Amino acid sequence: MTATQHYELKDREFRKISSIVYDACRINLRDAKKELVQARLAKRLRALGMDSYGDYLDLIEKDACEHTIMIDYLSTNLTMFFRERGHFNYLAEEVFPRISESSTGRIWSAGCSSGEEAYTLAMLLRENLPKINLMDCLILATDISTRMLEAAKRGVYTAKRMENVPEDMLEKYFRKTGRAEETFFEAGAALKSLIRFRYLNLIGPWPMDAKFDAILCRNVMIYFDKPTQQELVARFYNLLKPGGIFIVGHSESLVGINHDYTFVRPSIYKRPAGEERVAL
Ligand SMILES: C[S@@+](CC[C@H](N)C(=O)[O-])C[C@H]1O[C@@H](n2cnc3c(N)ncnc32)[C@H](O)[C@@H]1O
(Lines give C-alpha, C1' and ligand atoms only; values in the text may rest on other atoms or scores of the structure.)
Protein backbone atom coordinates (compact mmCIF):
# COMPACT_ATOMS: atom_id res chain seq x y z
CA MET A 1 0.00 0.00 0.00
CA THR A 2 1.46 3.40 -0.93
CA ALA A 3 0.83 6.80 0.60
CA THR A 4 -1.08 7.80 -2.53
CA GLN A 5 -3.25 4.68 -2.55
CA HIS A 6 -6.85 5.48 -3.48
CA TYR A 7 -9.42 3.58 -1.49
CA GLU A 8 -12.86 3.24 -3.00
CA LEU A 9 -15.75 3.63 -0.62
CA LYS A 10 -18.70 1.67 -1.98
CA ASP A 11 -22.23 3.08 -1.49
CA ARG A 12 -23.14 0.10 0.67
CA GLU A 13 -20.09 0.75 2.91
CA PHE A 14 -20.89 4.45 3.12
CA ARG A 15 -24.45 3.66 4.22
CA LYS A 16 -23.12 1.28 6.87
CA ILE A 17 -20.68 3.89 8.18
CA SER A 18 -23.42 6.55 8.18
CA SER A 19 -25.70 4.33 10.21
CA ILE A 20 -22.96 3.46 12.75
CA VAL A 21 -22.15 7.16 13.19
CA TYR A 22 -25.82 8.11 13.47
CA ASP A 23 -26.45 5.47 16.14
CA ALA A 24 -23.38 6.52 18.09
CA CYS A 25 -23.78 10.29 18.13
CA ARG A 26 -26.61 11.29 15.77
CA ILE A 27 -24.25 13.01 13.35
CA ASN A 28 -26.12 12.90 10.08
CA LEU A 29 -23.77 12.10 7.19
CA ARG A 30 -25.88 12.86 4.18
CA ASP A 31 -24.98 11.51 0.76
CA ALA A 32 -23.15 14.73 -0.08
CA LYS A 33 -20.64 13.82 2.62
CA LYS A 34 -19.50 10.59 0.98
CA GLU A 35 -16.34 12.12 -0.45
CA LEU A 36 -15.53 13.73 2.85
CA VAL A 37 -15.93 10.42 4.69
CA GLN A 38 -13.78 8.71 2.10
CA ALA A 39 -11.02 11.31 2.40
CA ARG A 40 -11.02 11.36 6.20
CA LEU A 41 -11.07 7.61 6.69
CA ALA A 42 -8.47 6.98 3.99
CA LYS A 43 -5.92 8.49 6.37
CA ARG A 44 -6.93 6.00 9.04
CA LEU A 45 -6.82 3.03 6.66
CA ARG A 46 -3.37 4.08 5.58
CA ALA A 47 -2.18 4.37 9.18
CA LEU A 48 -3.51 0.87 9.90
CA GLY A 49 -2.03 -0.54 6.65
CA MET A 50 -5.47 -1.76 5.57
CA ASP A 51 -6.54 -2.48 2.01
CA SER A 52 -10.22 -1.66 1.96
CA TYR A 53 -13.18 -0.08 3.76
CA GLY A 54 -14.67 -3.57 3.97
CA ASP A 55 -11.74 -4.70 6.16
CA TYR A 56 -12.07 -1.53 8.18
CA LEU A 57 -15.78 -2.15 8.81
CA ASP A 58 -14.95 -5.67 10.02
CA LEU A 59 -12.52 -4.12 12.50
CA ILE A 60 -15.09 -1.57 13.70
CA GLU A 61 -17.51 -4.37 14.57
CA LYS A 62 -14.94 -6.09 16.77
CA ASP A 63 -13.04 -3.21 18.30
CA ALA A 64 -14.77 -0.61 20.48
CA CYS A 65 -11.65 1.60 20.56
CA GLU A 66 -11.54 1.77 16.78
CA HIS A 67 -15.22 2.68 16.81
CA THR A 68 -14.35 5.74 18.96
CA ILE A 69 -11.43 6.62 16.68
CA MET A 70 -13.69 6.50 13.63
CA ILE A 71 -16.11 8.98 15.22
CA ASP A 72 -13.09 11.19 15.96
CA TYR A 73 -12.02 11.12 12.33
CA LEU A 74 -15.51 11.89 11.08
CA SER A 75 -16.52 14.70 13.40
CA THR A 76 -15.98 18.28 12.29
CA ASN A 77 -13.91 20.09 14.88
CA LEU A 78 -13.43 23.55 13.42
CA THR A 79 -13.23 26.16 16.16
CA MET A 80 -11.28 29.27 17.13
CA PHE A 81 -10.66 31.71 19.95
CA PHE A 82 -13.32 34.44 20.23
CA ARG A 83 -15.35 32.76 17.51
CA GLU A 84 -18.61 34.68 17.03
CA ARG A 85 -17.43 37.45 19.29
CA GLY A 86 -20.89 38.97 19.88
CA HIS A 87 -21.73 35.99 22.12
CA PHE A 88 -18.81 36.76 24.39
CA ASN A 89 -19.70 40.47 24.53
CA TYR A 90 -23.20 39.50 25.56
CA LEU A 91 -21.95 37.15 28.28
CA ALA A 92 -19.54 39.77 29.62
CA GLU A 93 -22.24 42.45 29.72
CA GLU A 94 -25.30 40.48 30.81
CA VAL A 95 -24.32 37.21 32.43
CA PHE A 96 -21.02 37.74 34.23
CA PRO A 97 -22.39 40.61 36.38
CA ARG A 98 -25.09 38.25 37.68
CA ILE A 99 -22.47 35.60 38.41
CA SER A 100 -20.48 38.23 40.24
CA GLU A 101 -23.47 39.05 42.48
CA SER A 102 -24.22 35.45 43.36
CA SER A 103 -20.52 34.46 43.66
CA THR A 104 -21.21 31.06 42.03
CA GLY A 105 -20.92 30.58 38.29
CA ARG A 106 -21.35 27.55 36.06
CA ILE A 107 -20.91 27.68 32.29
CA TRP A 108 -21.08 24.71 29.94
CA SER A 109 -19.25 24.62 26.63
CA ALA A 110 -21.07 21.66 25.03
CA GLY A 111 -19.09 20.41 22.01
CA CYS A 112 -15.91 22.23 23.01
CA SER A 113 -13.66 20.67 20.35
CA SER A 114 -9.99 21.57 21.00
CA GLY A 115 -10.84 23.99 23.82
CA GLU A 116 -10.65 27.47 22.30
CA GLU A 117 -14.25 28.30 23.32
CA ALA A 118 -13.64 27.27 26.94
CA TYR A 119 -10.32 29.16 27.16
CA THR A 120 -11.99 32.26 25.69
CA LEU A 121 -14.65 32.02 28.42
CA ALA A 122 -11.98 31.56 31.09
CA MET A 123 -10.06 34.65 29.92
CA LEU A 124 -13.23 36.74 29.95
CA LEU A 125 -14.27 35.49 33.38
CA ARG A 126 -10.85 36.50 34.72
CA GLU A 127 -11.02 39.89 32.97
CA ASN A 128 -14.55 40.66 34.18
CA LEU A 129 -14.60 39.18 37.66
CA PRO A 130 -11.66 40.59 39.61
CA LYS A 131 -12.66 38.56 42.69
CA ILE A 132 -12.92 35.30 40.83
CA ASN A 133 -10.37 33.59 43.09
CA LEU A 134 -12.76 34.09 46.00
CA MET A 135 -15.71 32.75 44.03
CA ASP A 136 -16.91 29.31 42.99
CA CYS A 137 -16.71 29.60 39.21
CA LEU A 138 -16.26 26.72 36.79
CA ILE A 139 -16.52 26.01 33.10
CA LEU A 140 -17.53 22.50 32.10
CA ALA A 141 -16.21 21.75 28.60
CA THR A 142 -17.33 18.51 26.97
CA ASP A 143 -16.94 16.72 23.67
CA ILE A 144 -17.33 13.30 22.13
CA SER A 145 -13.90 13.41 20.48
CA THR A 146 -11.24 12.04 22.78
CA ARG A 147 -8.56 13.35 20.41
CA MET A 148 -9.94 16.89 20.67
CA LEU A 149 -10.29 16.62 24.44
CA GLU A 150 -6.63 15.63 24.79
CA ALA A 151 -5.63 18.68 22.75
CA ALA A 152 -7.97 20.86 24.81
CA LYS A 153 -6.47 19.65 28.09
CA ARG A 154 -2.95 20.30 26.81
CA GLY A 155 -4.04 23.79 25.79
CA VAL A 156 -1.11 24.30 23.43
CA TYR A 157 -1.81 26.23 20.22
CA THR A 158 0.17 27.46 17.25
CA ALA A 159 0.76 31.22 16.87
CA LYS A 160 -1.64 31.19 13.90
CA ARG A 161 -4.48 29.92 16.10
CA MET A 162 -3.86 32.72 18.59
CA GLU A 163 -4.52 35.48 16.04
CA ASN A 164 -7.88 36.49 17.52
CA VAL A 165 -6.60 36.71 21.07
CA PRO A 166 -5.92 40.33 22.10
CA GLU A 167 -2.24 40.98 22.75
CA ASP A 168 -2.67 41.86 26.43
CA MET A 169 -4.60 38.65 27.17
CA LEU A 170 -2.07 36.60 25.25
CA GLU A 171 0.67 37.94 27.47
CA LYS A 172 -1.30 37.57 30.65
CA TYR A 173 -2.74 34.11 30.20
CA PHE A 174 -0.44 32.17 27.85
CA ARG A 175 3.16 31.03 28.02
CA LYS A 176 5.27 31.01 24.88
CA THR A 177 6.83 27.63 24.24
CA GLY A 178 9.27 27.32 21.34
CA ARG A 179 9.50 23.95 19.66
CA ALA A 180 11.93 23.64 16.77
CA GLU A 181 11.16 26.56 14.43
CA GLU A 182 7.57 27.04 15.48
CA THR A 183 6.23 29.13 18.33
CA PHE A 184 3.44 27.69 20.46
CA PHE A 185 1.36 29.21 23.22
CA GLU A 186 0.25 27.23 26.23
CA ALA A 187 -2.70 28.27 28.40
CA GLY A 188 -1.53 28.99 31.94
CA ALA A 189 -2.88 27.71 35.25
CA ALA A 190 -5.09 30.79 35.66
CA LEU A 191 -7.18 29.50 32.74
CA LYS A 192 -6.80 25.75 33.17
CA SER A 193 -7.89 25.91 36.81
CA LEU A 194 -11.28 27.28 35.76
CA ILE A 195 -12.05 24.53 33.25
CA ARG A 196 -13.01 20.87 33.56
CA PHE A 197 -12.65 19.05 30.24
CA ARG A 198 -14.75 15.89 30.15
CA TYR A 199 -15.89 13.28 27.64
CA LEU A 200 -19.63 13.50 27.09
CA ASN A 201 -21.75 12.22 24.24
CA LEU A 202 -24.70 14.62 24.02
CA ILE A 203 -26.79 11.67 22.84
CA GLY A 204 -26.73 9.80 26.10
CA PRO A 205 -27.01 10.40 29.81
CA TRP A 206 -25.70 13.64 31.26
CA PRO A 207 -24.26 12.91 34.66
CA MET A 208 -24.16 16.46 36.04
CA ASP A 209 -26.81 17.81 38.36
CA ALA A 210 -25.54 21.40 38.62
CA LYS A 211 -27.59 24.13 36.99
CA PHE A 212 -25.85 26.49 34.61
CA ASP A 213 -25.83 30.26 34.20
CA ALA A 214 -25.06 29.79 30.53
CA ILE A 215 -24.82 26.90 28.10
CA LEU A 216 -23.05 27.29 24.77
CA CYS A 217 -23.79 24.61 22.21
CA ARG A 218 -22.51 26.35 19.13
CA ASN A 219 -22.00 24.75 15.75
CA VAL A 220 -22.75 21.27 17.08
CA MET A 221 -26.47 20.70 16.56
CA ILE A 222 -26.23 21.64 12.88
CA TYR A 223 -24.96 18.11 12.34
CA PHE A 224 -28.05 16.60 13.98
CA ASP A 225 -31.53 16.01 12.60
CA LYS A 226 -34.59 17.96 13.88
CA PRO A 227 -35.87 15.36 16.39
CA THR A 228 -32.41 15.19 17.98
CA GLN A 229 -32.15 18.99 18.08
CA GLN A 230 -35.62 19.16 19.63
CA GLU A 231 -34.65 16.71 22.35
CA LEU A 232 -31.34 18.44 23.14
CA VAL A 233 -32.83 21.94 23.26
CA ALA A 234 -35.31 20.74 25.93
CA ARG A 235 -32.60 18.97 27.92
CA PHE A 236 -30.42 22.09 27.92
CA TYR A 237 -33.40 24.11 29.14
CA ASN A 238 -33.82 21.83 32.15
CA LEU A 239 -30.18 22.30 33.11
CA LEU A 240 -30.30 26.10 33.08
CA LYS A 241 -30.89 28.22 36.16
CA PRO A 242 -33.98 30.46 35.83
CA GLY A 243 -32.73 33.42 33.81
CA GLY A 244 -29.92 31.26 32.37
CA ILE A 245 -28.74 31.77 28.80
CA PHE A 246 -28.59 29.26 25.94
CA ILE A 247 -26.38 30.11 22.96
CA VAL A 248 -26.21 28.38 19.58
CA GLY A 249 -23.99 29.17 16.58
CA HIS A 250 -24.63 32.26 14.45
CA SER A 251 -25.88 30.13 11.58
CA GLU A 252 -28.25 28.19 13.84
CA SER A 253 -31.60 29.03 15.42
CA LEU A 254 -34.48 27.40 17.26
CA VAL A 255 -36.89 28.10 14.41
CA GLY A 256 -39.06 25.03 13.87
CA ILE A 257 -38.33 23.68 17.35
CA ASN A 258 -40.87 23.75 20.19
CA HIS A 259 -39.30 25.35 23.24
CA ASP A 260 -39.91 27.48 26.33
CA TYR A 261 -36.99 29.89 25.97
CA THR A 262 -37.50 33.58 25.40
CA PHE A 263 -35.70 35.04 22.41
CA VAL A 264 -32.98 37.51 23.38
CA ARG A 265 -31.37 38.13 20.00
CA PRO A 266 -30.42 35.90 17.07
CA SER A 267 -28.75 32.73 18.41
CA ILE A 268 -29.17 33.78 22.08
CA TYR A 269 -32.06 32.45 24.20
CA LYS A 270 -33.04 32.70 27.84
CA ARG A 271 -34.77 30.41 30.28
CA PRO A 272 -37.26 32.84 31.79
CA ALA A 273 -36.81 33.68 35.44
CA GLY A 274 -40.01 32.63 37.29
CA GLU A 275 -41.61 36.06 37.31
CA GLU A 276 -40.98 36.63 33.60
CA ARG A 277 -42.93 33.54 32.59
CA VAL A 278 -45.95 34.41 30.54
CA ALA A 279 -49.02 32.23 31.07
CA LEU A 280 -50.53 31.23 27.74
C1 LIG B 1 -17.58 22.38 14.84
S2 LIG B 1 -17.13 21.92 16.46
C3 LIG B 1 -17.73 23.31 17.40
C4 LIG B 1 -16.74 23.78 18.43
C5 LIG B 1 -17.17 25.03 19.22
N6 LIG B 1 -18.41 24.81 19.92
C7 LIG B 1 -17.26 26.23 18.31
O8 LIG B 1 -18.37 26.65 17.97
O9 LIG B 1 -16.23 26.76 17.90
C10 LIG B 1 -18.33 20.65 16.82
C11 LIG B 1 -17.92 19.73 17.97
O12 LIG B 1 -19.06 18.96 18.37
C13 LIG B 1 -18.60 17.68 18.75
N14 LIG B 1 -19.72 16.72 18.72
C15 LIG B 1 -20.35 16.23 17.63
N16 LIG B 1 -21.28 15.33 17.99
C17 LIG B 1 -21.25 15.27 19.34
C18 LIG B 1 -21.99 14.52 20.31
N19 LIG B 1 -22.93 13.64 19.95
N20 LIG B 1 -21.68 14.69 21.61
C21 LIG B 1 -20.73 15.57 21.97
N22 LIG B 1 -20.00 16.31 21.12
C23 LIG B 1 -20.26 16.16 19.81
C24 LIG B 1 -17.51 17.37 17.75
O25 LIG B 1 -16.62 16.37 18.20
C26 LIG B 1 -16.84 18.75 17.59
O27 LIG B 1 -15.72 18.88 18.39
Side-chain angles (χ1 to χ4, degrees), residues 17-30 33 36-37 40-41 44 67-91 107-124 139-155 157 160-165 187 195-208 212 214-236 239 245-253 266-269:
I17 290 170
S18 301
S19 113
I20 294 172
V21 171
Y22 184 81
D23 289 347
C25 62
R26 304 279 170 87
I27 294 177
N28 207 351
L29 300 169
R30 291 171 298 275
K33 298 261 175 81
L36 186 85
V37 169
R40 287 188 179 172
L41 287 185
R44 185 63 189 154
H67 185 277
T68 308
I69 292 170
M70 181 175 84
I71 305 289
D72 260 11
Y73 269 75
L74 292 178
S75 59
T76 297
N77 306 115
L78 176 78
T79 187
M80 61 194 80
F81 287 99
F82 290 92
R83 182 180 195 182
E84 301 175 350
R85 197 176 280 260
H87 291 155
F88 297 106
N89 296 340
Y90 178 82
L91 288 168
I107 301 179
W108 181 12
S109 163
C112 64
S113 189
S114 41
E116 286 89 331
E117 183 173 279
Y119 286 117
T120 303
L121 289 166
M123 276 186 270
L124 292 175
I139 298 159
L140 171 69
T142 63
D143 204 280
I144 196 176
S145 165
T146 48
R147 196 166 46 101
M148 286 302 120
L149 285 169
E150 275 162 30
K153 282 182 198 161
R154 272 197 306 279
Y157 302 96
K160 176 104 187 96
R161 293 185 83 144
M162 305 308 293
E163 274 172 356
N164 287 346
V165 180
I195 309 173
R196 302 286 178 272
F197 287 107
R198 298 280 184 270
Y199 173 88
L200 186 134
N201 184 352
L202 289 169
I203 313 307
W206 297 353
M208 56 279 197
F212 293 90
I215 297 175
L216 290 80
C217 186
R218 305 184 311 156
N219 308 299
V220 180
M221 290 191 295
I222 29 169
Y223 302 106
F224 301 154
D225 56 18
K226 270 275 181 274
T228 308
Q229 293 178 358
Q230 174 78 59
E231 184 193 321
L232 289 179
V233 162
R235 290 176 79 193
F236 286 128
L239 271 192
I245 296 298
F246 177 52
I247 304 184
V248 296
H250 273 173
S251 60
E252 303 168 279
S253 83
S267 68
I268 304 183
Y269 300 85

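All ligand and atom numbering here is 1-based and tracks the order in the structure. Treat the numbers as computed from the prediction; the structure is a model and nothing was measured. All heavy atoms count here, side chains included; hydrogens, waters and symmetry mates do not.
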Taking non-hydrogen atoms only, is I144 closer than 4.0 angstrom to ligand 1 via side chain, backbone, both or neither?
both
Subset of ligand 1 atoms that lie under 4.0 Å from at least one heavy atom of E117:
5 (C), 6 (N), 7 (C), 8 (O)
For the pair Y119 and F81, name the ring-plane relationship: parallel under 30°, tilted 30 to 60°, perpendicular over 60°.
tilted
Can you name the one residue among M70, H67, K33 that meets side-chain contact (heavy atoms from CB on, under 4.5 Å) with V21?
M70
Using a strict 4.0 Å cut-off to heavy atoms of N219, name the atoms of ligand 1 that fall inside it.
1 (C), 2 (S), 3 (C), 7 (C), 8 (O), 10 (C)
min-distance protein heavy atom vs atom 20 (N) of ligand 1 -> L202 N, 2.9 Å
Atom indices of ligand 1, in the order listed, that fall short of 4.0 Å to a heavy atom of T79
4 (C), 5 (C), 7 (C), 9 (O)
For L78, the ligand 1 atoms whose distance to one of its heavy atoms is below 4.0 Å
1 (C), 2 (S), 3 (C), 4 (C), 9 (O)
Check: D143 side chain, L149 main-chain N or O, donor-acceptor pair, under 3.5 Å:
no
At the 4.0 Å heavy-atom cut-off, does L200 count as touching ligand 1?
yes
F88 side chain near L121 side chain, heavy-atom distance below 4.5 Å
yes
Can you list the ligand 1 atoms lying under 4.0 Å from a non-hydrogen atom of N201?
18 (C), 19 (N), 20 (N)
Looking only at protein heavy atoms, which one is nearest to atom 25 (O) of ligand 1, and what is the separation?
D143 OD1, 2.6 Å
Considering only protein heavy atoms, which is closest to atom 7 (C) of ligand 1, and at what distance to one decimal place?
R83 NH1, 3.3 Å
Test the R147-Y73 pair against the cation-pi criterion, namely NZ or CZ under 6.0 angstrom from the six-membered ring centroid and within 45° of the ring axis.
yes
Shortest heavy-atom approach to atom 2 (S) of ligand 1 - which of T142, V21, T76:
T76
Any idea which atoms of ligand 1 are less than 4.0 Å away from a heavy-atom of I27?
15 (C), 16 (N)
Does ligand 1 have a heavy atom under 4.0 Å from the side chain of Y199, from its backbone, from both, or from neither?
neither
Using only atom types and a distance under 3.5 Å, with no angle test, would you say the side chain of R83 pairs donor to acceptor with the backbone of E116?
no
Is the side chain of R26 donor-acceptor paired with the backbone N or O of T228 at a distance under 3.5 Å, no angle test?
no
Which value, rounded to the nearest 0.5 Å, describes the distance between L200 atom CG and M208 atom CE?
5.5 Å
Mark yes or no for whether E252, through its side chain, and N219, through its backbone, hold a donor-acceptor pair below 3.5 Å.
yes
Could you work out, for atom 6 (N) of ligand 1, the closest of C217, S114, G111 by heavy-atom distance?
G111
So the atoms of ligand 1 within less than 4.0 Å of a heavy atom of S113 turn out to be 4 (C), 27 (O)
Short version for C25: what comes under 4.0 Å of ligand 1, heavy atoms counted, is both
Kindly say whether S114 contributes a backbone atom to a donor-acceptor pair with the side chain of N77 at under 3.5 angstrom?
no
